[in-house]
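Only a predicted model underlies this, so the values are computations on that prediction, with no experimental measurement involved. Proteins come first, then strands; the chains are lettered A, B, ... in the order of their sequence lines, and each starts at number 1.
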Number of protein chains: 2
Amino acid sequence: MDELDRQILDILRRDARTPYTEIAEQVETSEGTVRNRVERLTSDGVIERFTISTRTGNIKAMIEVSVKVEVDTTRISELMAEWEEVDFVWQVSGEEDVVLVVDAADTRAVNELITKARELDEVKSTKTRLILDERLGRSP
Amino acid sequence: MDELDRQILDILRRDARTPYTEIAEQVETSEGTVRNRVERLTSDGVIERFTISTRTGNIKAMIEVSVKVEVDTTRISELMAEWEEVDFVWQVSGEEDVVLVVDAADTRAVNELITKARELDEVKSTKTRLILDERLGRSP
DNA sequence: TATGAAAGACTAACTAA
DNA sequence: TTAGTTAGTCTTTCATA
């Protein structure tokens with residue numbers, strides 16, 4: 001991981017469809033070098049995946065979920081990852097155990113999701129925050 | 001937004017480099033239809049961007065930041081988005097005001113980031129959770 | 001929806017460090 | 001032996017009918 005890698009990642013993070021030739025021009029190297037590096041970064045797992053970020057609805061939110069002590073959080077995470085409108089499920093350290101990042105049509109849809117979570121026996125409590133604004137960092 | 005759109009988004013979310021021809025095959029339509037739909041979804045803002053998810057370090061974490069009442073959270077967000085190792089900055093509703101999603105080399109690097117946040121006059125407190133596992137949802 | 005031109009990505013052989 | 005370059009070929013995208 002050197003400065004060139006970081007520059008390439010930065011460009012892809014902003015637009016993963018930027019052609020290798022154009023990246024090469026921007027970072028002042030050849031297309032082949034960019035391609036080799038992207039391949040290496042991908043196989044090394046630095047690039048986890050090429051993906052899209054979406055906004056299907058008008059609301060993004062994070063729902064923090066506390067589960068009972070004896071519950072397998074991995075199983076709960078798998079379950080919740082299958083729910084409509086859930087973008088990510090994080091298992092986290094700290095007070096809560098699982099965080100859902102959701103993209104929903106409206107507040108009603110978010111509320112339904114919260115209800116669905118609360119209805120599970122394994123769930124002790126939830127805490128929801130609406131994401132009012134998302135800003136892309138310059139990392140890495 | 002119909003079922004076909006949702007299927008296309010689902011495929012792109014898992015691998016945004018999937019060729020239109022291959023998507024078309026999977027959803028049983030023509031390449032042109034897929035292309036038109038992706039273009040429409042992009043211009044409508046449903047697809048916010050084509051991007052990469054990365055893991056440059058070994059630690060991912062979310063740092064929840066409380067700022068003083070009188071502080072402009074947008075300005076703070078802009079500032080923090082410039083910090084190394086920060087993937088996203090969210091302005092959120094609820095107890096805390098800003099959430100940083102970070103990707104760092106090790107716990108020491110996470111700690112430095114927390115310290116940096118706490119050293120700001122505008123920051124009242126922080127709460128950190130390590131992200132132990134990330135699971136991709138099937139949304140939308 | 002079908003087709004061909006243009007753009008981009010990939011292969012493989014080569015060069016330099 | 002690894003990283004980088006380049007020319008030729010193949011694939012994908014895109015515009016047009």
Got a sec, which hydrophobics cluster with Val69(A), joining ILVMFWY side chains under 4.5 Å apart, including via others?
none
Estimate the overall bend of the helix from dT1(C)-dA17(D) to dA17(C)-dT1(D) from the end axes over five pairs each, rounded to 10 degrees.
20°
Restricting to side-chain hydrogen bond (donor to acceptor under 3.5 Å, both in side chains), what partner residues turn up for [X], sequence neighbours left out?
X: Glu64(A); answer: Arg129(A), Arg129(B)
X: Thr107(A); answer: none
X: Arg49(B); answer: none
X: Thr126(B); answer: Arg118(B)

Would you check if there is a donor-acceptor pair between the side chains of Arg13(B) and Thr54(A) at a distance under 3.5 Å?
yes
Under the side chain to side chain contact (heavy atoms under 4.5 Å, CB included) test, which residues partner Asp15(A), sequence neighbours left out?
Arg17(A), Thr18(A), Phe50(B)
Heavy-atom contacts under 4.0 Å between residues 40-50 of chain A and DNA chain D, which residues?
none
Using chain A heavy atoms and a threshold of under 4.0 Å, write down where along DNA chain C the contacts begin and end, 5' to 3'.
dG8(C) to dT11(C)
Pairs: protein N or O with nucleotides 13-17 of chain D N or O, under 3.5 Å:
from: dT13(D); atom 1: OP1; to: Tyr20(B); atom 2: N; distance (Å): 3.4
from: dT13(D); atom 1: OP2; to: Tyr20(B); atom 2: N; distance (Å): 2.8

Do NZ/NE/NH1/NH2 and the carboxylate oxygens of Glu48(B) and Lys60(A) come within less than 4.0 Å?
yes
Assess whether salt bridge (charged side-chain N to carboxylate O under 4.0 Å, His left out) is satisfied between Arg108(B) and Glu112(B), documenting all intermediate values.
CA-CA 6 Å; Arg108(B) 201 187 45 72; Glu112(B) 276 172 20; 2.3 Å; yes
Qualifying residues under salt bridge (charged side-chain N to carboxylate O under 4.0 Å, His left out), relative to Glu119(A), sequence neighbours excluded:
none
Applied to residues 27-41 of chain A, the salt bridge (charged side-chain N to carboxylate O under 4.0 Å, His left out) test, sequence neighbours excluded, yields Asp2(A)-Arg37(A), Asp5(A)-Arg37(A), Asp5(A)-Arg40(A), Glu31(A)-Arg35(A), Arg40(A)-Asp44(A)
Contact class for Thr29(A) vs. all strands (heavy atom < 4.0 Å): base, sugar-phosphate, or nothing?
sugar-phosphate
Check every strand shown and say whether Gly32(B) touches a base, only sugar-phosphate, or nothing at a heavy-atom separation below 4.0 Å.
nothing
Distance check: side-chain N/O of Ser30(A) vs OP1/OP2 of dG4(D), anything under 4.0 Å?
no
